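Source: prediction; values computed, not measured. In what follows, every heavy atom counts, from backbone to side chain, and hydrogens, waters and symmetry copies are set aside.
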Amino acid sequence: MSLATLSMTETAQAFARGEVTAEALVEHTLARVAAHDAKTNAVIRLDAEEARAAARAAAQARAKGAALGPLAGVPMPHKNTYYRAGKV
């Protein structure tokens, strides 16, 4: 399984089945941003520690058997035209 070729739905399903951890997904995403953003200049703000904390929280919730949303564990970028409270 190549994480780079999975759709968001496939990624969420792989996380839900335990085939990949949320932490691995975040690290993979951060590595791809680092490798490609100099050329694409698509990322204006990256909060790696917040992403890692969210991944840990998703993993802990999954381990406890909590009901999770359909995209739990999936790293998601936010377009800069969307306001996020407390984020610049």
Nearest atoms (heavy-atom pairs only) where Ala22 meets Ala58:
CB-CB, 4.3 Å
Contacts of Thr5 meeting side-chain contact (heavy atoms from CB on, under 4.5 Å) (sequence neighbours excluded), chain-then-number -> Ser2
Would you mind reporting whether Leu3 and Thr11 have side-chain heavy atoms less than 4.5 Å apart?
no
So, using side-chain contact (heavy atoms from CB on, under 4.5 Å) as the criterion, who are the partners of Ala12 when residues are at least two apart?
Leu71, Val74
Enumerate donor-acceptor pairs with a distance under 3.5 Å from any side-chain N or O in residues 60-69 to protein atoms, sequence neighbours excluded.
from, atom 1, to, atom 2, distance (Å)
Arg62, NE, Phe15, O, 3.0

Anything under 3.5 Å between a donor and an acceptor, one on a side chain of residues 31-39, the other on a protein residue two or more places apart or in another chain? List them.
from, atom 1, to, atom 2, distance (Å)
Asp37, OD1, Thr40, OG1, 3.4
Asp37, OD1, Ala42, N, 2.7
Asp37, OD1, Val43, N, 3.0

Leu30: partners by side-chain contact (heavy atoms from CB on, under 4.5 Å), with sequence neighbours left out
Val26, Glu27, Leu46, Ala48, Arg52
What pairs with Glu19 under side-chain hydrogen bond (donor to acceptor under 3.5 Å, both in side chains), at least two apart in sequence or on another chain?
Arg17
